[in-house]
2 protein chains.
Amino acid sequence: MAGDVFDKNCPSRGVLEHVTSRWGVLVLAALGERELRFGELHRRIGGVSQKMLAQTLRTLADDGFVERTVIPAAPPQVSYRLTETGEQVAGHVVGLVGWIEQHLPEILAAREATPAR
Amino acid sequence: MAGDVFDKNCPSRGVLEHVTSRWGVLVLAALGERELRFGELHRRIGGVSQKMLAQTLRTLADDGFVERTVIPAAPPQVSYRLTETGEQVAGHVVGLVGWIEQHLPEILAAREATPAR
DNA sequence: CCGTATCCCACCAGATACTG
DNA sequence: CAGTATCTGGTGGGATACGG
């Protein structure tokens, strides 16, 4: 009943791609810190367009990782937070991202060492 | 000196994209189990083309996560294994992938629950 | 067996403009 | 503020064929 990502027809592939998508990772990492509004997310995640942010939030919401809350007001406010399962995936993502940030120097050093190509 | 993935100009972005790329995740997960030859990787990771597998292995090797070993023989053998830092990233990736495989049922259930769009 | 070389295209994603 | 609409192009990635 569990998935197998090595099987090209397994639906876990899709989920994995949503989570590890270019902006998906960063959205999960950002929401892993705290609940954020659309505009806050937009500012927090450098370089993301409104279009891609909205699209990414939608697929993550569809998979049940993110919850969207509309606060009726003028101007309107929409807030995003992780669901319970969202917290769990985000935990793994945050761990991965944190590791990369920490070890960036040695990775860049390895790249320098790469001979001509 | 550490990276910041939320900064669009930080090089950690590039590393993150290599690691979380469509095939990068699966290569790391596969090599997390054991050292594998090119052909074995090709069979293990369903749906990957030779081109993308070679390309992915190259960028992961450049970042110092994977080591390529040529065994002179006829027919030639080329083996891939994780480096020490590679073991560490792969650990996080394996954790993430494993979580998704385990919780696939509830994620799919959440999708079903998604109203019309 | 382990790749590289070419060709080609879908679609991901950016830019810009517009709306409730 | 929080999006959607439209247009457009770059590139990730597939198919096929060939070479060491």
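Throughout, protein chains are lettered first and strands after them, A, B, ... in sequence-line order, and every chain is numbered starting at 1. Both backbone and side-chain heavy atoms feed into the values below; hydrogens, waters and symmetry mates do not.
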What's the [atom1]-[atom2] distance between [X] and [N], to the nearest Å?
X: B/Arg13; N: C/dA13; atom1: CZ; atom2: P; result: 12 Å
X: B/Glu17; N: D/dG12; atom1: CD; atom2: P; result: 9 Å
X: A/His18; N: C/dC12; atom1: NE2; atom2: P; result: 10 Å
X: B/Leu41; N: C/dC1; atom1: CG; atom2: C1'; result: 14 Å
X: A/Gln55; N: C/dC12; atom1: CD; atom2: P; result: 8 Å
X: B/His42; N: D/dA15; atom1: NE2; atom2: C1'; result: 12 Å
X: A/Leu57; N: D/dT4; atom1: CG; atom2: C1'; result: 14 Å
X: A/Arg58; N: C/dA13; atom1: CZ; atom2: P; result: 14 Å

Which value, rounded to the nearest 0.5 Å, describes the distance between [X] atom [atom1] and [Y] atom [atom2]?
X: A/Thr59; Y: A/Phe65; atom1: OG1; atom2: CZ; result: 9.5 Å
X: B/Glu101; Y: A/Arg13; atom1: CD; atom2: CZ; result: 10.5 Å
X: B/Phe6; Y: B/Ser12; atom1: CZ; atom2: OG; result: 10.0 Å
X: B/Glu67; Y: B/Leu57; atom1: CD; atom2: CG; result: 13.0 Å

request  = Decide yes or no on side-chain hydrogen bond (donor to acceptor under 3.5 Å, both in side chains) for B/Ser79 and B/Glu35, but give the supporting numbers first.
outcome  = CA-CA 7 Å; B/Ser79 195; B/Glu35 179 171 359; 2.8 Å; yes
ask   = Is any side-chain heavy atom of A/Leu28 less than 4.5 Å from a side-chain heavy atom of A/Leu82?
value = yes
request  = Taking only the side-chain nitrogens and oxygens of A/Arg68, find out if one of them lies under 4.0 Å from OP1 or OP2 of D/dA2.
outcome  =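 No.
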message = Less than 4.0 angstrom between a side-chain N/O of A/Arg37 and OP1 or OP2 of D/dA2, yes or no?
response = yes
request  = Produce a footprint string for nucleotides 14-20 of chain C: one letter per nucleotide, 5' end first; B if the base is under 4.0 Å from any protein heavy atom, S if only the sugar-phosphate is, - if neither.
outcome  = BB----B
Distance-only criterion, 3.5 Å: show the donor-acceptor pairs between side-chain atoms of residues 18-25 of chain A and protein atoms not counting sequence neighbours.
from: A/His18; atom 1: ND1; to: A/Asp63; atom 2: OD2; distance (Å): 2.6
from: A/Thr20; atom 1: OG1; to: A/Leu16; atom 2: O; distance (Å): 2.7
from: A/Ser21; atom 1: OG; to: A/His18; atom 2: O; distance (Å): 3.0
from: A/Ser21; atom 1: OG; to: A/Gly24; atom 2: N; distance (Å): 3.0

inquiry  = Looking at A/Glu84, I'd like to know if its CD atom is crowded, meaning that more than 12 non-hydrogen atoms belonging to other residues, nucleotides or ligands lie closer than 6.0 Å.
reply    =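 Atom CD in A/Glu84 is not packed in, count stays at 12 or less.
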task = Could you tell me how the ring of A/His42 sits relative to the ring of A/Phe38: parallel (under 30°), tilted (30 to 60°) or perpendicular (over 60°)?
result = tilted
ask   = Dot-bracket for DNA chain C: what is it, with Watson-Crick or G-U pairs under 3.5 Å, [ ] where a pair crosses earlier ones, and | for a pair to another strand?
value = |.||||||||||||||||||
